[in-house]
Undergrad: 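Mind looking over this structure? Questions follow.
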There are 2 protein chains.
Amino acid sequence: MNTLAEENYLKAIYHLTENDGNASTNQIASSLNTKASSVTDMLKKLADKALINYTPYQGVNLTPSGEKIALGIIRKHRLWEYFLVEKLNFKWDQVHDLAEEMEHISSEELIDRLDQFMGYPTHDPHGDPIPDCNGRFNTHELKPVSAVTINQCGVISGVRDHSSSFLQYLDKQQLTIGCKIIITDIIEYDHSVVVQTGNKEVQISREVANNLLIAL
Amino acid sequence: MNTLAEENYLKAIYHLTENDGNASTNQIASSLNTKASSVTDMLKKLADKALINYTPYQGVNLTPSGEKIALGIIRKHRLWEYFLVEKLNFKWDQVHDLAEEMEHISSEELIDRLDQFMGYPTHDPHGDPIPDCNGRFNTHELKPVSAVTINQCGVISGVRDHSSSFLQYLDKQQLTIGCKIIITDIIEYDHSVVVQTGNKEVQISREVANNLLIAL
DNA sequence: TTATTTTTTTAGATTAGTCTAAATTTTTTA
DNA sequence: TAAAAAATTTAGACTAATCTAAAAAAATAA
Ligand SMILES: [Mn+2]
Ligand SMILES: [Mn+2]
Ligand SMILES: [Mn+2]
Ligand SMILES: [Mn+2]
(Lines give C-alpha, C1' and ligand atoms only; values in the text may rest on other atoms or scores of the structure.)
(Ligands and ions follow the chains in the order given, each with its own letter.)
Protein backbone atom coordinates (compact mmCIF):
# COMPACT_ATOMS: atom_id res chain seq x y z
CA MET A 1 0.00 0.00 0.00
CA ASN A 2 0.97 3.60 -0.52
CA THR A 3 0.81 6.46 1.94
CA LEU A 4 -1.61 9.34 1.62
CA ALA A 5 1.22 11.66 0.57
CA GLU A 6 2.42 9.24 -2.10
CA GLU A 7 -1.10 8.96 -3.50
CA ASN A 8 -1.43 12.73 -3.68
CA TYR A 9 1.86 13.06 -5.53
CA LEU A 10 0.90 10.36 -8.04
CA LYS A 11 -2.45 12.03 -8.69
CA ALA A 12 -0.82 15.44 -9.13
CA ILE A 13 1.73 14.00 -11.56
CA TYR A 14 -1.06 12.28 -13.48
CA HIS A 15 -2.97 15.53 -13.95
CA LEU A 16 0.16 17.50 -14.88
CA THR A 17 1.14 14.98 -17.54
CA GLU A 18 -2.36 14.20 -18.80
CA ASN A 19 -1.67 16.03 -22.07
CA ASP A 20 2.04 16.85 -22.44
CA GLY A 21 5.10 14.88 -21.42
CA ASN A 22 6.81 15.52 -18.08
CA ALA A 23 5.88 17.23 -14.81
CA SER A 24 8.52 19.53 -13.32
CA THR A 25 9.49 19.70 -9.68
CA ASN A 26 8.10 23.23 -9.37
CA GLN A 27 4.82 22.35 -11.06
CA ILE A 28 4.30 19.50 -8.63
CA ALA A 29 5.26 21.71 -5.69
CA SER A 30 2.79 24.39 -6.63
CA SER A 31 -0.04 21.96 -7.34
CA LEU A 32 0.46 20.35 -3.90
CA ASN A 33 1.17 23.59 -2.01
CA THR A 34 4.53 22.31 -0.89
CA LYS A 35 8.19 23.20 -1.48
CA ALA A 36 10.41 22.04 -4.32
CA SER A 37 12.83 20.39 -1.90
CA SER A 38 10.04 18.30 -0.42
CA VAL A 39 9.05 17.26 -3.91
CA THR A 40 12.57 16.13 -4.78
CA ASP A 41 12.62 13.90 -1.70
CA MET A 42 9.32 12.31 -2.63
CA LEU A 43 10.30 11.86 -6.29
CA LYS A 44 13.24 9.75 -5.15
CA LYS A 45 10.97 7.61 -3.06
CA LEU A 46 8.43 7.12 -5.85
CA ALA A 47 11.22 6.32 -8.31
CA ASP A 48 12.58 3.70 -5.88
CA LYS A 49 9.12 2.14 -5.87
CA ALA A 50 9.12 2.19 -9.68
CA LEU A 51 5.97 4.33 -9.77
CA ILE A 52 7.56 7.18 -11.73
CA ASN A 53 10.36 7.69 -14.24
CA TYR A 54 12.67 10.26 -12.71
CA THR A 55 15.82 11.78 -14.19
CA PRO A 56 17.22 14.52 -11.92
CA TYR A 57 16.57 18.01 -13.33
CA GLN A 58 14.41 16.56 -16.13
CA GLY A 59 11.02 16.15 -14.48
CA VAL A 60 8.96 12.98 -14.14
CA ASN A 61 6.16 10.91 -15.61
CA LEU A 62 4.25 7.89 -14.35
CA THR A 63 5.18 4.28 -15.01
CA PRO A 64 2.29 1.95 -15.88
CA SER A 65 1.95 0.91 -12.23
CA GLY A 66 2.07 4.54 -11.08
CA GLU A 67 -0.63 5.42 -13.58
CA LYS A 68 -2.77 2.53 -12.43
CA ILE A 69 -2.65 3.83 -8.85
CA ALA A 70 -3.36 7.40 -9.96
CA LEU A 71 -6.38 6.30 -11.99
CA GLY A 72 -7.68 4.34 -9.03
CA ILE A 73 -7.57 7.45 -6.89
CA ILE A 74 -9.22 9.58 -9.56
CA ARG A 75 -11.92 6.94 -9.91
CA LYS A 76 -12.58 7.10 -6.18
CA HIS A 77 -12.52 10.90 -6.15
CA ARG A 78 -15.09 11.18 -8.91
CA LEU A 79 -17.36 8.42 -7.67
CA TRP A 80 -17.50 10.00 -4.20
CA GLU A 81 -18.24 13.39 -5.77
CA TYR A 82 -21.08 11.78 -7.69
CA PHE A 83 -22.38 10.16 -4.50
CA LEU A 84 -22.24 13.43 -2.56
CA VAL A 85 -24.20 15.30 -5.23
CA GLU A 86 -26.67 12.64 -6.32
CA LYS A 87 -27.37 10.90 -3.02
CA LEU A 88 -26.58 13.45 -0.32
CA ASN A 89 -27.74 16.54 -2.26
CA PHE A 90 -24.55 18.54 -1.99
CA LYS A 91 -24.01 21.25 -4.62
CA TRP A 92 -21.34 20.71 -7.28
CA ASP A 93 -19.20 23.45 -5.75
CA GLN A 94 -19.12 21.80 -2.30
CA VAL A 95 -17.80 18.33 -3.03
CA HIS A 96 -14.23 18.59 -4.20
CA ASP A 97 -12.53 19.05 -0.83
CA LEU A 98 -14.59 16.26 0.71
CA ALA A 99 -13.65 13.95 -2.14
CA GLU A 100 -9.98 14.83 -1.62
CA GLU A 101 -10.30 13.09 1.74
CA MET A 102 -12.56 10.25 0.68
CA GLU A 103 -10.44 9.25 -2.33
CA HIS A 104 -7.93 7.75 0.11
CA ILE A 105 -10.29 5.18 1.62
CA SER A 106 -8.44 2.12 0.48
CA SER A 107 -10.97 -0.63 -0.23
CA GLU A 108 -11.43 -1.64 -3.86
CA GLU A 109 -14.51 -3.63 -2.99
CA LEU A 110 -16.11 -0.62 -1.35
CA ILE A 111 -15.64 1.58 -4.38
CA ASP A 112 -16.86 -1.10 -6.78
CA ARG A 113 -20.01 -1.60 -4.70
CA LEU A 114 -20.53 2.16 -4.52
CA ASP A 115 -20.18 2.28 -8.32
CA GLN A 116 -22.83 -0.42 -8.66
CA PHE A 117 -25.12 1.25 -6.09
CA MET A 118 -25.13 4.42 -8.18
CA GLY A 119 -25.64 2.60 -11.49
CA TYR A 120 -22.13 2.91 -12.92
CA PRO A 121 -22.09 6.63 -13.66
CA THR A 122 -19.72 7.68 -16.46
CA HIS A 123 -19.13 11.31 -15.45
CA ASP A 124 -18.75 13.20 -12.19
CA PRO A 125 -20.74 16.34 -11.28
CA HIS A 126 -18.20 18.53 -13.11
CA GLY A 127 -18.38 16.52 -16.31
CA ASP A 128 -15.10 14.69 -15.79
CA PRO A 129 -15.08 11.05 -16.90
CA ILE A 130 -15.07 8.35 -14.21
CA PRO A 131 -12.59 5.53 -14.88
CA ASP A 132 -14.15 2.07 -14.63
CA CYS A 133 -12.76 -0.64 -12.36
CA ASN A 134 -10.05 -1.35 -14.95
CA GLY A 135 -9.04 2.30 -15.17
CA ARG A 136 -10.64 2.81 -18.59
CA PHE A 137 -12.81 5.76 -19.55
CA ASN A 138 -13.89 7.38 -22.79
CA THR A 139 -12.63 10.87 -23.35
CA HIS A 140 -14.92 12.68 -25.72
CA GLU A 141 -13.65 15.84 -27.39
CA LEU A 142 -14.64 19.01 -25.57
CA LYS A 143 -13.97 22.56 -26.68
CA PRO A 144 -13.79 25.71 -24.58
CA VAL A 145 -16.60 28.10 -25.45
CA SER A 146 -13.88 30.61 -26.32
CA ALA A 147 -12.83 28.46 -29.28
CA VAL A 148 -16.25 28.23 -30.91
CA THR A 149 -17.59 30.37 -33.77
CA ILE A 150 -20.83 32.36 -33.89
CA ASN A 151 -24.11 30.47 -34.29
CA GLN A 152 -22.65 27.14 -33.27
CA CYS A 153 -24.52 25.27 -30.59
CA GLY A 154 -23.47 22.63 -28.09
CA VAL A 155 -24.03 21.11 -24.68
CA ILE A 156 -22.14 22.27 -21.59
CA SER A 157 -20.10 19.22 -20.65
CA GLY A 158 -17.19 20.23 -18.47
CA VAL A 159 -15.18 22.92 -16.71
CA ARG A 160 -11.49 23.69 -16.61
CA ASP A 161 -11.63 25.56 -13.32
CA HIS A 162 -13.06 23.56 -10.41
CA SER A 163 -13.00 26.38 -7.85
CA SER A 164 -16.24 26.94 -5.99
CA SER A 165 -16.34 30.59 -6.96
CA PHE A 166 -16.35 29.65 -10.64
CA LEU A 167 -18.92 26.90 -10.16
CA GLN A 168 -21.18 29.17 -8.12
CA TYR A 169 -20.96 31.82 -10.82
CA LEU A 170 -22.00 29.28 -13.46
CA ASP A 171 -24.93 28.22 -11.28
CA LYS A 172 -26.10 31.81 -11.06
CA GLN A 173 -25.93 32.21 -14.84
CA GLN A 174 -27.70 28.87 -15.27
CA LEU A 175 -24.75 27.51 -17.18
CA THR A 176 -24.60 23.99 -15.75
CA ILE A 177 -23.61 20.57 -17.06
CA GLY A 178 -26.09 19.34 -19.64
CA CYS A 179 -27.45 22.77 -20.67
CA LYS A 180 -27.78 23.30 -24.40
CA ILE A 181 -26.36 26.66 -25.50
CA ILE A 182 -25.94 28.68 -28.69
CA ILE A 183 -23.12 31.17 -29.21
CA THR A 184 -24.98 34.22 -30.53
CA ASP A 185 -22.24 36.84 -30.52
CA ILE A 186 -18.57 37.41 -29.82
CA ILE A 187 -17.54 40.90 -28.76
CA GLU A 188 -14.48 41.82 -30.73
CA TYR A 189 -13.17 44.36 -28.23
CA ASP A 190 -12.60 42.03 -25.23
CA HIS A 191 -13.55 38.61 -26.64
CA SER A 192 -16.59 38.33 -24.40
CA VAL A 193 -19.04 35.73 -25.62
CA VAL A 194 -22.81 36.05 -25.70
CA VAL A 195 -24.56 32.72 -25.29
CA GLN A 196 -28.20 31.78 -25.33
CA THR A 197 -29.30 29.23 -22.74
CA GLY A 198 -32.93 28.28 -22.59
CA ASN A 199 -34.81 31.48 -23.28
CA LYS A 200 -32.16 33.67 -21.65
CA GLU A 201 -29.13 35.38 -23.11
CA VAL A 202 -26.02 35.90 -20.98
CA GLN A 203 -22.69 37.50 -21.70
CA ILE A 204 -19.59 35.83 -20.30
CA SER A 205 -16.03 37.10 -20.21
CA ARG A 206 -13.23 35.60 -22.24
CA GLU A 207 -11.86 34.04 -19.05
CA VAL A 208 -15.13 32.30 -18.28
CA ALA A 209 -15.50 31.18 -21.89
CA ASN A 210 -12.04 29.70 -21.66
CA ASN A 211 -12.94 27.59 -18.64
CA LEU A 212 -16.31 26.37 -19.86
CA LEU A 213 -16.25 23.29 -22.08
CA ILE A 214 -18.90 22.18 -24.52
CA ALA A 215 -19.59 19.16 -26.69
CA LEU A 216 -20.58 20.19 -30.21
CA MET B 1 -8.57 19.48 14.37
CA ASN B 2 -7.07 16.30 15.75
CA THR B 3 -4.78 13.82 14.06
CA LEU B 4 -5.86 10.32 13.16
CA ALA B 5 -3.76 8.89 15.99
CA GLU B 6 -5.29 11.27 18.54
CA GLU B 7 -8.79 10.29 17.41
CA ASN B 8 -7.99 6.62 17.78
CA TYR B 9 -6.64 7.13 21.30
CA LEU B 10 -9.73 9.11 22.34
CA LYS B 11 -12.03 6.44 20.97
CA ALA B 12 -10.08 3.68 22.72
CA ILE B 13 -10.19 5.57 26.03
CA TYR B 14 -13.91 6.13 25.59
CA HIS B 15 -14.59 2.41 25.15
CA LEU B 16 -12.29 1.43 28.02
CA THR B 17 -14.01 3.82 30.42
CA GLU B 18 -17.57 3.31 29.16
CA ASN B 19 -18.50 1.46 32.34
CA ASP B 20 -15.82 1.81 35.02
CA GLY B 21 -13.58 4.73 35.86
CA ASN B 22 -10.06 5.01 34.41
CA ALA B 23 -8.18 3.46 31.49
CA SER B 24 -4.65 2.27 32.23
CA THR B 25 -1.63 2.79 29.99
CA ASN B 26 -1.36 -0.94 29.33
CA GLN B 27 -5.05 -1.30 28.51
CA ILE B 28 -4.80 1.47 25.97
CA ALA B 29 -1.60 0.00 24.52
CA SER B 30 -3.15 -3.40 24.05
CA SER B 31 -6.38 -2.06 22.57
CA LEU B 32 -4.41 -0.03 20.01
CA ASN B 33 -1.73 -2.66 19.35
CA THR B 34 1.01 -0.30 20.41
CA LYS B 35 3.58 -0.06 23.20
CA ALA B 36 3.08 1.43 26.65
CA SER B 37 5.81 4.00 26.06
CA SER B 38 4.06 5.26 22.95
CA VAL B 39 0.86 5.57 24.95
CA THR B 40 2.53 7.64 27.66
CA ASP B 41 3.78 10.07 25.02
CA MET B 42 0.32 10.45 23.54
CA LEU B 43 -1.36 10.81 26.94
CA LYS B 44 0.82 13.83 27.63
CA LYS B 45 -0.19 15.36 24.34
CA LEU B 46 -3.89 14.75 24.89
CA ALA B 47 -3.65 16.11 28.44
CA ASP B 48 -1.96 19.27 27.08
CA LYS B 49 -4.93 19.68 24.77
CA ALA B 50 -7.28 19.21 27.73
CA LEU B 51 -8.96 16.21 26.12
CA ILE B 52 -8.14 13.79 28.96
CA ASN B 53 -7.52 13.93 32.69
CA TYR B 54 -4.13 12.37 33.24
CA THR B 55 -2.29 11.78 36.50
CA PRO B 56 0.96 9.85 35.92
CA TYR B 57 0.67 6.22 37.05
CA GLN B 58 -3.08 6.63 37.72
CA GLY B 59 -4.61 6.13 34.28
CA VAL B 60 -6.86 8.50 32.37
CA ASN B 61 -10.42 9.45 31.56
CA LEU B 62 -11.96 11.83 29.03
CA THR B 63 -12.78 15.45 29.72
CA PRO B 64 -16.14 16.68 28.34
CA SER B 65 -14.44 17.95 25.18
CA GLY B 66 -12.53 14.67 24.78
CA GLU B 67 -15.76 12.74 25.16
CA LYS B 68 -17.49 14.91 22.60
CA ILE B 69 -14.79 14.11 20.05
CA ALA B 70 -14.90 10.40 20.89
CA LEU B 71 -18.68 10.29 20.49
CA GLY B 72 -18.39 12.07 17.14
CA ILE B 73 -16.03 9.39 15.90
CA ILE B 74 -18.22 6.59 17.21
CA ARG B 75 -21.22 8.22 15.51
CA LYS B 76 -19.34 8.25 12.22
CA HIS B 77 -18.12 4.68 12.64
CA ARG B 78 -21.59 3.33 13.26
CA LEU B 79 -23.33 5.38 10.55
CA TRP B 80 -20.80 4.22 7.96
CA GLU B 81 -21.27 0.61 9.10
CA TYR B 82 -25.01 1.06 8.66
CA PHE B 83 -24.47 2.55 5.21
CA LEU B 84 -22.20 -0.27 4.13
CA VAL B 85 -24.66 -2.96 5.20
CA GLU B 86 -27.96 -1.31 4.24
CA LYS B 87 -26.96 0.48 1.03
CA LEU B 88 -23.94 -1.39 -0.30
CA ASN B 89 -25.02 -4.88 0.84
CA PHE B 90 -21.94 -5.77 2.81
CA LYS B 91 -22.34 -8.46 5.49
CA TRP B 92 -22.19 -7.41 9.15
CA ASP B 93 -18.88 -9.19 9.59
CA GLN B 94 -17.20 -7.23 6.75
CA VAL B 95 -17.74 -3.63 7.75
CA HIS B 96 -15.81 -2.90 10.93
CA ASP B 97 -12.36 -2.45 9.39
CA LEU B 98 -13.74 -0.27 6.62
CA ALA B 99 -15.53 1.89 9.16
CA GLU B 100 -12.29 2.23 11.12
CA GLU B 101 -10.97 4.14 8.11
CA MET B 102 -14.15 6.03 7.23
CA GLU B 103 -14.75 7.29 10.77
CA HIS B 104 -11.88 9.74 10.25
CA ILE B 105 -13.46 11.62 7.32
CA SER B 106 -13.76 14.95 9.02
CA SER B 107 -16.86 16.71 7.71
CA GLU B 108 -19.77 17.12 10.16
CA GLU B 109 -22.08 18.15 7.36
CA LEU B 110 -21.29 15.00 5.42
CA ILE B 111 -22.15 12.74 8.30
CA ASP B 112 -25.34 14.64 9.13
CA ARG B 113 -26.49 14.37 5.52
CA LEU B 114 -25.61 10.67 5.48
CA ASP B 115 -27.66 10.26 8.66
CA GLN B 116 -30.63 11.95 6.98
CA PHE B 117 -30.17 9.96 3.75
CA MET B 118 -30.51 6.73 5.73
CA GLY B 119 -33.48 7.92 7.80
CA TYR B 120 -31.72 8.56 11.12
CA PRO B 121 -31.00 4.96 12.13
CA THR B 122 -30.69 4.40 15.88
CA HIS B 123 -28.53 1.27 15.86
CA ASP B 124 -25.66 -0.05 13.77
CA PRO B 125 -25.59 -3.53 12.17
CA HIS B 126 -24.20 -5.03 15.40
CA GLY B 127 -26.92 -3.53 17.57
CA ASP B 128 -24.78 -0.73 19.00
CA PRO B 129 -26.57 2.60 19.46
CA ILE B 130 -25.73 5.44 17.07
CA PRO B 131 -25.20 8.79 18.82
CA ASP B 132 -27.24 11.61 17.27
CA CYS B 133 -25.66 14.85 16.05
CA ASN B 134 -25.50 16.06 19.67
CA GLY B 135 -23.79 12.90 20.86
CA ARG B 136 -26.90 11.55 22.59
CA PHE B 137 -28.18 7.99 22.33
CA ASN B 138 -30.48 5.78 24.36
CA THR B 139 -28.85 2.81 25.97
CA HIS B 140 -31.40 0.12 26.59
CA GLU B 141 -30.55 -2.64 29.03
CA LEU B 142 -29.17 -5.73 27.36
CA LYS B 143 -28.28 -9.03 29.02
CA PRO B 144 -25.89 -11.72 27.84
CA VAL B 145 -27.74 -14.93 27.06
CA SER B 146 -25.55 -16.57 29.70
CA ALA B 147 -27.29 -14.52 32.40
CA VAL B 148 -30.83 -15.53 31.52
CA THR B 149 -32.92 -18.29 33.15
CA ILE B 150 -34.72 -21.17 31.46
CA ASN B 151 -37.89 -20.42 29.52
CA GLN B 152 -37.24 -16.71 29.27
CA CYS B 153 -37.51 -15.23 25.83
CA GLY B 154 -36.02 -12.15 24.24
CA VAL B 155 -34.78 -10.52 21.07
CA ILE B 156 -31.14 -10.69 19.97
CA SER B 157 -30.01 -7.06 20.16
CA GLY B 158 -26.25 -6.91 20.40
CA VAL B 159 -22.86 -8.64 20.56
CA ARG B 160 -19.90 -8.22 22.85
CA ASP B 161 -17.40 -9.69 20.39
CA HIS B 162 -17.26 -7.92 17.03
CA SER B 163 -14.77 -10.29 15.39
CA SER B 164 -15.80 -11.59 11.99
CA SER B 165 -15.35 -15.19 13.07
CA PHE B 166 -17.93 -14.72 15.84
CA LEU B 167 -20.33 -12.83 13.58
CA GLN B 168 -20.01 -15.45 10.85
CA TYR B 169 -20.71 -18.19 13.38
CA LEU B 170 -23.87 -16.40 14.50
CA ASP B 171 -24.98 -16.04 10.88
CA LYS B 172 -24.59 -19.79 10.37
CA GLN B 173 -26.67 -20.53 13.47
CA GLN B 174 -29.25 -17.95 12.34
CA LEU B 175 -28.70 -15.97 15.51
CA THR B 176 -28.79 -12.45 14.09
CA ILE B 177 -29.93 -9.04 15.35
CA GLY B 178 -33.71 -8.90 15.69
CA CYS B 179 -34.26 -12.68 16.02
CA LYS B 180 -36.65 -13.71 18.77
CA ILE B 181 -35.27 -16.56 20.87
CA ILE B 182 -36.32 -18.69 23.84
CA ILE B 183 -33.84 -20.24 26.26
CA THR B 184 -35.07 -23.82 26.47
CA ASP B 185 -32.29 -25.47 28.47
CA ILE B 186 -29.03 -24.81 30.26
CA ILE B 187 -26.58 -27.69 30.47
CA GLU B 188 -25.32 -27.83 34.01
CA TYR B 189 -22.04 -29.57 33.17
CA ASP B 190 -20.47 -26.85 30.93
CA HIS B 191 -23.08 -24.08 31.05
CA SER B 192 -23.97 -24.51 27.38
CA VAL B 193 -27.29 -22.91 26.52
CA VAL B 194 -29.96 -24.39 24.29
CA VAL B 195 -31.98 -21.74 22.50
CA GLN B 196 -34.91 -21.97 20.15
CA THR B 197 -34.88 -19.61 17.20
CA GLY B 198 -37.72 -19.79 14.72
CA ASN B 199 -38.50 -23.50 14.47
CA LYS B 200 -34.92 -24.56 15.06
CA GLU B 201 -33.11 -25.41 18.27
CA VAL B 202 -29.39 -24.72 18.61
CA GLN B 203 -26.94 -25.29 21.40
CA ILE B 204 -24.36 -22.59 22.06
CA SER B 205 -21.34 -22.69 24.34
CA ARG B 206 -21.02 -20.63 27.49
CA GLU B 207 -18.54 -18.41 25.67
CA VAL B 208 -20.95 -17.69 22.85
CA ALA B 209 -23.80 -17.12 25.32
CA ASN B 210 -21.61 -14.62 27.10
CA ASN B 211 -21.02 -12.59 23.95
CA LEU B 212 -24.59 -12.60 22.68
CA LEU B 213 -26.86 -9.90 24.11
CA ILE B 214 -30.64 -9.93 24.24
CA ALA B 215 -33.41 -7.51 25.18
CA LEU B 216 -35.97 -9.19 27.41
C1' DT C 1 7.46 -4.40 56.15
C1' DT C 2 10.77 -5.72 53.12
C1' DA C 3 11.53 -8.00 48.67
C1' DT C 4 9.72 -9.21 44.25
C1' DT C 5 6.87 -8.45 40.37
C1' DT C 6 4.21 -5.55 37.47
C1' DT C 7 3.18 -1.22 35.57
C1' DT C 8 4.46 3.07 33.94
C1' DT C 9 7.59 6.57 32.60
C1' DT C 10 11.96 8.34 30.69
C1' DA C 11 15.89 8.28 27.50
C1' DG C 12 17.44 7.83 23.17
C1' DA C 13 16.58 6.22 18.19
C1' DT C 14 13.98 5.80 13.90
C1' DT C 15 10.84 6.86 9.92
C1' DA C 16 7.80 9.78 6.98
C1' DG C 17 7.06 14.10 5.57
C1' DT C 18 8.04 18.60 5.71
C1' DC C 19 10.86 23.09 5.95
C1' DT C 20 14.85 26.85 5.12
C1' DA C 21 19.14 27.91 3.33
C1' DA C 22 22.91 26.82 0.50
C1' DA C 23 24.90 24.52 -3.48
C1' DT C 24 24.46 22.91 -8.06
C1' DT C 25 22.61 22.43 -12.64
C1' DT C 26 20.00 24.12 -16.48
C1' DT C 27 18.06 27.73 -19.14
C1' DT C 28 17.85 32.29 -20.74
C1' DT C 29 19.72 36.58 -22.05
C1' DA C 30 22.94 39.73 -23.54
C1' DT D 1 29.45 31.91 -25.32
C1' DA D 2 29.84 34.01 -20.94
C1' DA D 3 27.02 36.04 -17.29
C1' DA D 4 22.66 36.20 -14.99
C1' DA D 5 18.46 34.11 -13.72
C1' DA D 6 15.63 30.27 -12.80
C1' DA D 7 14.98 25.61 -11.51
C1' DT D 8 16.42 21.79 -8.92
C1' DT D 9 18.89 19.23 -5.60
C1' DT D 10 21.49 18.69 -1.23
C1' DA D 11 22.37 19.59 3.66
C1' DG D 12 20.67 19.97 7.91
C1' DA D 13 16.79 20.62 11.03
C1' DC D 14 12.00 19.87 12.78
C1' DT D 15 7.47 17.41 14.18
C1' DA D 16 4.39 13.42 14.86
C1' DA D 17 4.28 8.89 15.93
C1' DT D 18 6.41 5.06 16.86
C1' DC D 19 10.04 1.69 18.94
C1' DT D 20 13.61 -0.70 22.49
C1' DA D 21 15.96 -0.59 26.67
C1' DA D 22 16.58 1.25 31.12
C1' DA D 23 14.88 3.64 35.25
C1' DA D 24 11.33 4.63 38.50
C1' DA D 25 7.01 3.98 40.84
C1' DA D 26 3.21 1.14 42.45
C1' DA D 27 1.21 -3.17 43.64
C1' DT D 28 1.73 -7.74 45.45
C1' DA D 29 3.71 -11.41 48.12
C1' DA D 30 6.54 -13.33 51.51
MN1 LIG E 1 -12.78 17.17 -7.56
MN1 LIG F 1 -14.92 16.56 -10.16
MN1 LIG G 1 -17.23 -1.49 14.30
MN1 LIG H 1 -20.59 -1.83 14.93
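It should be emphasised that the depicted structure is a prediction, and the values quoted were computed from it without experimental measurement. Labels below follow one simple rule: chain letters A, B, ... track the order of the sequence lines, proteins then strands, and each chain is numbered from 1.
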Undergrad: Report the base-pairing partner of D:dA7 (Watson-Crick or G-U wobble, both distances below 3.5 angstrom), or none.
TA: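 Pair assignment: D:dA7 / C:dT24.
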
Undergrad: In whole angstroms, how far is the P atom of C:dA21 from the CG atom of A:D41?
TA: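 My rounded result for the distance is 17 Å.
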
Undergrad: Rounded to whole Å, please give me the gap between CG in A:L43 and P in D:dT10.
TA: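 For the pair A:L43 CG and D:dT10 P, the rounded distance is 11 Å.
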
Undergrad: What's the CE-P distance between A:M42 and C:dC19, to the nearest Å?
TA: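 After rounding, the gap between these two atoms is 11 Å.
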
Undergrad: Would you say A:I13 and A:L43 make side-chain contact, with heavy atoms under 4.5 Å?
TA: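 Sidechains of A:L43 and A:I13: in contact.
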
Undergrad: Looking at residues 12-23 of chain A, who's got a heavy atom less than 4.0 Å off DNA chain D?
TA: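 Residues of residues 12-23 of chain A under 4.0 Å from DNA chain D: none.
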
Undergrad: Enumerate, atom names and distances included, each donor-acceptor pair closer than 3.5 Å involving a side-chain atom of residues 116-123 of chain A, sequence neighbours excluded.
TA:
from	atom 1	to	atom 2	distance (Å)
A:H123	NE2	A:H140	NE2	3.4

Undergrad: Among side-chain atoms of B:H77 and B:D124, is any donor-acceptor pair under 3.5 angstrom?
TA: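 Note: B:H77 and B:D124 side chains miss the donor-acceptor criterion.
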
Undergrad: Name all residues meeting the ring-ring contact (aromatic ring centres under 6.0 Å, His included) criterion together with A:H15; count only those two or more places apart in sequence or in a different chain, and write none if there are none.
TA: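 Once residues adjacent in sequence are excluded, A:H15 has no partner under the ring-ring contact (aromatic ring centres under 6.0 Å, His included) criterion.
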
Undergrad: With sequence neighbours excluded, give me every side-chain hydrogen bond (donor to acceptor under 3.5 Å, both in side chains) pair touching residues 48-59 of chain A.
TA: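 Matches after skipping sequence neighbours: A:E6-A:K49.
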
Undergrad: Rounded off to whole Å, could you give me the CD-to-C1' distance for the A:E7 and C:dA16 pair?
TA: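 A:E7 atom CD is separated from C:dA16 atom C1' by 15 Å.
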
Undergrad: Does anything in residues 24-40 of chain B come within less than 4.0 Å of DNA chain D? Heavy atoms only, and list the residues if so.
TA: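 B:T34, B:K35, B:S37, B:S38, in order of number.
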
Undergrad: Show each protein N/O and nucleotides 25-29 of chain C N/O combination with a separation under 3.5 Å, one pair to a line.
TA:
from	atom 1	to	atom 2	distance (Å)
C:dT25	O4'	A:Y57	OH	3.3

Undergrad: If you measure only the distance, is there a donor-acceptor pair under 3.5 Å linking the side chains of B:N26 and B:S24?
TA: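 No.
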
Undergrad: For the pair made of CG in B:D48 and P in D:dT15, what is the distance, rounded to whole Å?
TA: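 It works out to 14 Å between those atoms.
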
Undergrad: Give a yes-or-no answer on whether the side chains of A:H104 and A:N8 include a donor-acceptor pair shorter than 3.5 Å.
TA: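 Side-chain D/A pair, A:H104 to A:N8: present.
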
